[in-house]
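Report on the following structure.
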Amino acid sequence: MSYSVLEALRSNPDHVRKVLTARRLDVSLVDKFLEVDARWRQLRREVDELRHTYNQLSREGAKAQPERRREIVEKARELAARLERVEKELEEAERLREEVLWSMPNLIHESVPICPEGVDSVPVRSWGVVKAAGDVAASLKGVEYVVVEKPPVGHADMAEVVLKMADTLKAGEVAGSRFYYLFDDLVWLDFALAIYALDRLTQRGFRPVIPPYMLKFDVIRRVLDFDTFKDAIYKIEGEDLYLIATAEHGIAAYLYRRDLVEEELPQLYVGWSPCFRKEAGAGNRDLKGIFRVHIFHKVEQFVYSLPEESWRWHEEITKNTEELIRDLGLPYRVVNICAHDLGAPAAKKYDIEIWYPAQGMYRELASCSNVTDWQAYRLGIRVTRKGMKREFVHTLNCTGLATTRTITAILENFQREDGVVEIPKALRPYLEPLKAAPKDYIYPRKRG
RNA sequence: GCCGGGGUGGCCGAGCGGCCCAAGGCGCGGGACUGGAGAUCCCGUCCCCGUCAAGGGGGCGUGGGUUCAAAUCCCACCCCCGGCGCCA
């Protein structure tokens with residue numbers, strides 16, 4: 001068919017080498033592929049030819065008289081043995097070819113920056129006024145800020161010490177590090193943020209969905225790359241099931257092996273799910289609090305689009321999330337991820353980063369990728385165009401709101417000196433119907 | 001989890017060891033006919049190799065096996081439907 005990476009490899013290998021260089025990956029992968037591809041095609045032909053003569057024999061045998069048939073059976077036996085050997089070779093070549101092809105990252109869009117050592121992303125735009133302590137403020141450029149005397153309390157201490165609505169110590173004892181208990185107002189906040197995001201996005205035509213939280217190996221291997229798999233994914237002991245690391249995985253799998261017609265696209269989904277991540281590559285980073293944890297909740301946008309429309313959708317879904325964050329009043333910036341830092345599936349990726357005044361830095365809250373046909377190829381999701389042509393669809397994903405992490409941003413950005421946290425106005429309508437939920441402010445709990 | 005029924009091309013559906021390199025229908029695409037549409041008639045409509053050729057190969061839920069030969073027989077697994085059990 002027309003998988004863009006395969007096409008590029010065969011018709012323009014130099015371009016693929018450039019992509020690999022930009023991604024800081026091994027360029028020799030291209031020649032490796034061309035080699036295994038050529039061998040596979042060669043063997044494919046040999047096998048087809050052998051089978052042809054074999055089939056002819058077999059058909060002849062069906063009609064032959066008993067005596068002639070014995071002869072044919074004899075010949076067929078010999079041929080079969082030879083076929084088996086070549087078929088084994090073909091099988092091996094095919095396995096190898098797929099392995100190399102599957103290890104290929106996506107091509108990259110021309111607007112993706114190629115960056116020097118130490119630079120992972122390029123700011124595109126920013127919004128909001130950040131609170132910065134003196135020395136931090138000096139380092140900020142192109143961002144509006146107000147200078148504050150001292151940085152506010154970090155989200156972890158806010159949640160656990162000041163508000164007393166989280167317990168990561170007990171969670172650590174019973175489940176391990178990077179787990180948490182959340183209580184009281186923070187629970188309501190998590191739900192309200194989810195419903196806020198779902199409500200806004202469904203108004204824009206996205207279909208709400210709760211996907212399966214686990215997928216079979218054969219499916220999950222098609223929606224993500226090896227690095228994600230080994231660093232992020234939990235396996236269920238004794239079952240062929242893996243916990244999803246994001247709703248994206250479950251939603252992408254929804255159209256597994258589907259053939260669509262043009263009129264069925266685009267398809268917009270907004271999913272909610274818990275996300276399970278091993279955080280194996282994270283080391284000791286962000287061990288405190290609930291910033292980087294094994295389980296969290298997230299609302300996710302997912303788009304299946306026609307190939308020629310995916311770049312427009314990429315901007316669109318990024319703006320959707322910006323708007324959600326802006327209306328909460330959280331200062332953010334959008335960065336364009338450098339080629340070397342893109343995951344294999346993404347042809348381009350924007351991260352949306354929130355300002356964390358206690359940390360004095362922007363931290364990732366959302367991530368929006370155009371995966372083009374990388375996932376669709378692996379999942380076999382195609383669209384039949386007018387005139388009978390068939391192509392792979394494009395898929396895109398973009399965080400709506402990572403609700404658990406959004407809580408940490410709210411705790412740092414909206415806390416007052418007295419330890420009270422102001423609830424963003426946009427969120428209040430979603431807390432209103434809940435009797436026990438806080439409405440305007442979150443007050444520290446009197447007794448732990 | 002147990003017992004029973006079932007999974008055939010986009011959909012419906014025949015076939016149940018060689019006459020099937022899967023009938024027929026619907027849908028879809030192209031053409032003929034028409035002033036145009038409909039009806040009718042022809043051709044095409046799973047995947048792969050090949051120059052979108054000639055030609056060839058594979059494919060009947062998935063993976064193994066029996067056989068010179070498997071959609072068809074055997075085994076395992078997956079999924080769907082019905083019944084029982086269990087459960088928020």
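Here is how names work: the chains are called A, B, and so on, in the same order as the sequence lines, proteins then strands, and each is numbered from 1.
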Exercise. Could you work out the separation of B/C21 and B/C46 based on their C1' atoms and round it to a whole Å?
Key: 14 Å

Self-check item: Euclidean distance for P, B/A37 against B/G30 (whole angstrom)
Solution: 12 Å

Quiz item: Cationic tip of A/R416 within the cone over A/Y441's six-membered ring, i.e. under 6.0 Å and within 45° of the normal?
Solution: yes

Quiz item: Starting at CG of A/D48 and ending at P of B/G50, how long is that distance when rounded to a whole Å?
Solution: 10 Å

Quiz item: According to the Watson-Crick and G-U wobble definitions, with both distances under 3.5 Å, which nucleotide is paired to B/A22?
Solution: none

Quiz item: With rounding to whole Å, what would you report as the distance between B/C20 and B/C60 at their C1' atoms?
Solution: 11 Å

Self-check item: Nearest-angstrom distance from the residue atom CZ of A/R51 to C1' of B/G59
Solution: 11 Å

Quiz item: In terms of the nearest nucleotide of RNA chain B, which residue is placed more toward the 5' end: A/T53 or A/R97?
Solution: A/R97

Self-check item: Integer angstrom distance from the P of B/G18 to that of B/C74
Solution: 15 Å

Self-check item: Complement of B/G1, any strand, by Watson-Crick or G-U distances under 3.5 angstrom
Solution: B/C84

Quiz prompt | Sub-6.0 Å ring centroid separation between A/F302 and A/Y304 | solution = yes

Exercise. Rounded to whole angstrom, note down the C1' distance from B/G10 over to B/C84.
Key: 37 Å

Quiz prompt | OP1 or OP2 of B/C47 under 4.0 Å from side-chain N/O of A/R382 | solution = yes

Quiz prompt | Distance, rounded to the nearest Å, where A/K216 contributes NZ and B/C78 contributes P | solution = 8 Å

Self-check item: Side-chain N or O of A/Y54 closer than 4.0 Å to phosphate OP1/OP2 of B/A69
Solution: yes

Quiz prompt | A/N55 side-chain N/O to B/A69 phosphate OP1/OP2 under 4.0 Å | solution = no

Quiz item: OP1 or OP2 of B/G57 less than 4.0 angstrom from a side-chain nitrogen or oxygen of A/R45, does that happen here?
Solution: no

Quiz item: Can a cation-pi geometry be assigned to A/R222 and A/Y256, taking NZ or CZ under 6.0 Å from the six-membered ring centre and within 45° of the ring axis?
Solution: no

Quiz item: Going by atom types alone, do A/T408 and A/Y356 pair a side-chain donor with an acceptor below 3.5 Å?
Solution: yes

Self-check item: N/O (side chain, A/R77) to phosphate O (OP1/OP2, B/C68) under 4.0 Å
Solution: yes

Practice problem: Tell me whether the centres of the aromatic rings in A/F276 and A/Y242 are closer together than 6.0 Å. | Solution: no

Quiz item: With both distances under 3.5 angstrom, what nucleotide forms a Watson-Crick or G-U wobble pair with B/C52?
Solution: none

Quiz item: Distance between the P atoms of B/G58 and B/G64, in whole angstroms?
Solution: 16 Å

Exercise. Rounded to the nearest 0.5 Å, what's the gap from CH2 on A/W272 to CG on A/L193? Could you check?
Key: 12.5 Å

Practice problem: Calculate the interatomic distance between A/D37 atom CG and B/C49 atom C1'; express it in whole Å. | Solution: 11 Å

Exercise. Report the distance from atom CZ of A/F217 to atom P of B/C78, rounded to the nearest whole Å.
Key: 17 Å

Self-check item: Assigned partner base of B/U40, Watson-Crick or wobble definition, under 3.5 Å
Solution: B/A32

Quiz item: Considering only the P atoms, how many Å lie between B/G85 and B/C75, rounded to the nearest integer?
Solution: 29 Å

Exercise. For B/G27 and B/A39, measure between their P atoms and round to the nearest Å.
Key: 9 Å

Quiz item: Using a cut-off of less than 4.0 Å, is there contact between a side-chain N or O of A/H52 and OP1 or OP2 of B/G56?
Solution: no

Quiz item: OH of A/Y256 versus P of B/U62: gap in Å, rounded?
Solution: 11 Å

Self-check item: Separation of B/C68 P from A/Q56 CD (nearest whole Å)
Solution: 21 Å

Self-check item: Opposite nucleotide pairing with B/C77, Watson-Crick or G-U, both atom distances under 3.5 Å
Solution: B/G61

Quiz prompt | Length of the CZ-P vector between A/R257 and B/C79, whole Å | solution = 15 Å

Quiz item: Any ion pair linking A/D240 and A/K216 (charged N to carboxylate O, less than 4.0 Å)?
Solution: no

